[in-house]
Structure formats: C-alpha cells, structure tokens
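Accompanying notes for the structure given below.
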Amino acid sequence: MNDDPCDATAPPPPGPRNGPAVSRPEFDALFERVRAWGRWTPADRGAWNRVTAGHVLRATALVRSGTVVPMARPWDTAPAPDNAKPALHYMSDLGDTETPEPSTYKDFVGADYHGKGVSHLDALSHIAYRGRLYEGGAARESTGAGGARFGSVSALGPLATKGVLLDLPAVLGVPWLEPGQAVHGMDVVTAERALATRIDEGDAVLLRTGRFRRRRERGAWDLDAASAGLHVDALPLLAERGVALLGGDGDSDVRPSPVEGLRSPVHTLAIAAMGVPLLDNLDLEALSAACAEAGRYEFLLVVAPLNVPGGTGSPVNPVAVL
C-alpha cells in the first residue's frame with residue numbers, strides 16, 4: 001500500500017474524520033508541488049486561461065434536454081450560525097418619490113459576501129499565502145483601499161465550460177456528509193467511477209456534501225467550526241487533471257482544518273498556488289436531483305460574475321444546463 005497522504009489511490013490512515021493531519025512543512029511541499037505560477041497570460045485569469053473556444057463547444061454538446069438549473073442560494077438577510085453578516089435588501093422607492101405616472105419601485109441590495117451566507121466567486125486576489133498572491137506578487141503592494149490591482153474579479157470575466165458534479169452523498173448512499181468529514185483524492189476517483197464521469201482539463205468541479213439538505217432538516221450550524229469538504233490530499237489530483245474552477249455547497253475546505261496553523265488550506269492551494277478561482281455556498285440540491293434524473297453528472301456550466309474593477313470576488317448565480 002502506498003502511504004503517501006497526497007496519493008489519490010491511497011486510503012487515509014485511521015484518525016479524525018478531517019484527517020490525516022498535515023504539518024506546515026508538508027503543506028509547503030504540497031504548495032510547491034501544485035504551484036502553477038508563470039504559466040498563463042493574462043496571469044490574473046489564472047486557470048481560466050485553460051478554457052478555450054474548443055472547451056466551450058465541447059461543453060455545449062452536453063446540452064440535451066435543455067434543463068436549466070440555477071445554483072445560487074436565496075439572498076439571505078436573516079442572521080444565523082452560518083450567516084454572521086446577513087445580506088442587505090431594502091426598498092429605496094415605494095412609488096412615492098418621483099412623478100405620479102408611471103409609479104416606480106426600487107430597492108437596494110448589498111452584502112459582505114465572503115463568508116458562508118452568500119453564493120459567490122472567489123477571485124485570485126482573495127487569498128495570499130506567506131504574503132504572496134498567485135504569481136508571487138506581494139499582497140500588500142497589489143491590494144489597497146481601492147481594491148485589488150492584480151487578480152480582480154473583473155479580470156476573470158464570464159466562464160462557460162464543462163461542469164462535473166461530484167455528488168458524494170449519492171455515491172455513498174447517505175443524505176449528506178457529516179460536518180467535519182474530509183473528502184480525499186481517492187474519494188474523488190471513486191466518485192468519478194460511480195457517477196460515470198471524468199474530470200478533464202478546463203473543467204469546473206463542484207463538490208456536493210449535502211449541506212443544504214442537512215440545513216433544511218437539522219437547522220443551521222457554524223460551518224467555521226465544522227463542515228465537510230476537501231482534504232488537501234485531493235488537490236494534487238485536481239492539479240494534475242488541470243481544473244479551471246472548483247466549488248461546492250460549502251467553501252471547499254473541510255473544517256476543522258487538518259493543517260496546523262492554517263485556516264483554509266484548500267483555498268490556499270487552489271487560489272494562491274494553482275490559480276483556480278472558487279465557488280462557495282452553492283445550493284446543489286436541485287442539480288443533484290436533475291443529474292440523477294438525467295443519469296449523468298456532466299453539464300454545461302455558465303458562471304458570470306459581476307464586473308467589479310478591483311473586486312476580490314462577486315456574488316454569483318451559476319447555471320447548469322443539461
């Protein structure tokens with residue numbers, strides 16, 4: 001048996017569900033192993049440069065039924081254990097501030113969206129490791145009060161590519177993964193085989209843990225304390241396959257973190273090392289049902305973030321088309 005904790009074919013050794021534990025030296029070696037600096041132009045689009053017109057055309061060929069499945073969760077204005085900074089929504093015009101006809105009704109929306117409450121995209125300016133953003137630039141020199149000067153969400157633009165749903169609860173025959181349960185590289189390979197799919201270069205990978213089914217049946221909980229997600233040993237496999245985008249119904253990281261002294265190691269590897277943007281807090285329940293009904297877990301995925309110059313990300317409503 002191969003004992004390499006980063007080998008996708010090796011089962012994780014016994015221990016906590018979020019383990020095995022990874023030391024900082026081991027993590028730093030893993031960071032160097034998956035690092036993809038100096039690979040693309042323009043650099044601040046990172047792995048989205050992998051997606052060519054050919055990838056888009058192949059993805060559109062996956063559209064058969066025309067079923068459209070949005071993945072954003074509702075705009076959440078209610079405080080909860082997983083929504084510490086609720087989004088804002090209020091009416092700014094109730095038909096009484098302008099000329100009588102026609103009456104107009106207007107509203108305001110706003111959010112501190114990086115967190116667990118809003119479906120959003122993380123751009124490459126969102127995460128730095130040891131003070132360095134993706135490509136190695138100093139974060140403090142590239143980001144200021146006016147926003148990000150490198151890795152802005154406006155540099156990404158829209159994305160259309162093949163999406164792959166790794167529906168782990170469906171594979172395991174459970175309603176959801178329990179908070180704190182890690183998904184390893186070997187689990188990704190097992191899911192590919194069980195769901196008759198394969199992650200290829202330029203693909204977007206979405207991990208369903210069943211978070212929102214559990215939330216609806218059990219209530220909200222603090223995802224910073226415990227949430228199902230990827231262990232760092234899954235990232236070498238995703239790097240080898242050449243993914244362009246990673247996301248899920250959590251924030252991709254298993255919590256508690258298995259890496260000593262590092263809160264979000266998957267964010268760090270994906271964004272700062274690999275140049276792969278992340279999609280957080282997607283409601284994948286409808287997509288899970290649609291894929292099960294269609295008997296396939298591949299689809300056209302369209303992601304169109306807001307065009308915010310200097311933004312470190314954007315609220316977003318990704319759409320799958322089957």
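Since the structure is predicted, the reported quantities are computational estimates derived from the model, not experimental observations.
- Checked options Val205, Asp187, Leu238, Thr209; the residue passing with Leu230 is Leu238 (criterion: side-chain contact (heavy atoms from CB on, under 4.5 Å)).
- The 12-atom threshold is not exceeded at CZ of Arg263, counting heavy atoms of other residues, nucleotides or ligands nearer than 6.0 Å.
- Applying the ring pair (Phe, Tyr, Trp, His ring centres under 6.0 Å) criterion to Phe31, with sequence neighbours excluded, gives Tyr129.
- In this structure, Trp75 shares a hydrophobic cluster with Val109, Tyr113, Val118, the cluster being traced through Ile, Leu, Val, Met, Phe, Trp and Tyr side chains under 4.5 angstrom apart.
- For residues 294-303, the set of pairs meeting the side-chain hydrogen bond (donor to acceptor under 3.5 Å, both in side chains) definition, not counting sequence neighbours, comprises Thr197-Glu298.
- In this pair, Tyr90 and Phe108 present their aromatic rings parallel. The plane angle is below 30°, not in the 30 to 60° band.
- Side-chain contact between Glu285 and Arg215 is absent, with no heavy atoms from C-beta onward closer than 4.5 Å.
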Salt bridge (charged side-chain N to carboxylate O under 4.0 Å, His left out) assessment of Arg149 paired with Glu141 = CA-CA 9 Å; Arg149 293 181 290 277; Glu141 296 176 4; over 6 Å; no
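- Residues that satisfy the side-chain contact (heavy atoms from CB on, under 4.5 Å) test with Asp224, not counting sequence neighbours, are Lys116, Asp222, Arg255.
- For Asp283, the side chain to side chain donor-acceptor pair (under 3.5 Å) partners two or more places apart in sequence, or in a different chain, are Arg216.
- For His114, the ring pair (Phe, Tyr, Trp, His ring centres under 6.0 Å) criterion is met by His120, His126, not counting sequence neighbours.
- Using a 4.5 Å cut-off between side-chain heavy atoms of Ile, Leu, Val, Met, Phe, Trp and Tyr, Tyr105 falls into a hydrophobic cluster with Met91, Leu94.
- As a member of the Ile/Leu/Val/Met/Phe/Trp/Tyr network built from side-chain separations under 4.5 Å, Trp221 groups with Leu223.
- Between Ile271 and Tyr134, the closest side-chain pair of non-hydrogen atoms is not below 4.5 Å.
- Listed by chain and residue number, nothing satisfies the side-chain contact (heavy atoms from CB on, under 4.5 Å) test with Glu293 (two or more places apart in sequence, or in another chain).
- Sorted by first then second residue, the side-chain hydrogen bond (donor to acceptor under 3.5 Å, both in side chains) pairs that include residues 156-169, not counting sequence neighbours, are Lys162-Asp200, Lys162-Asp203, Asp167-Arg208, Asp167-Ser288.
- Sorted by first and then second residue, the side-chain hydrogen bond (donor to acceptor under 3.5 Å, both in side chains) pairs involving residues 62-74 (not counting sequence neighbours) are Ser65-Thr67, Arg73-Asp76.
- Residue Leu300 shares its hydrophobic cluster (ILVMFWY side chains chained together at separations under 4.5 Å) with Val63, Val68, Val302, Val319, Val321.
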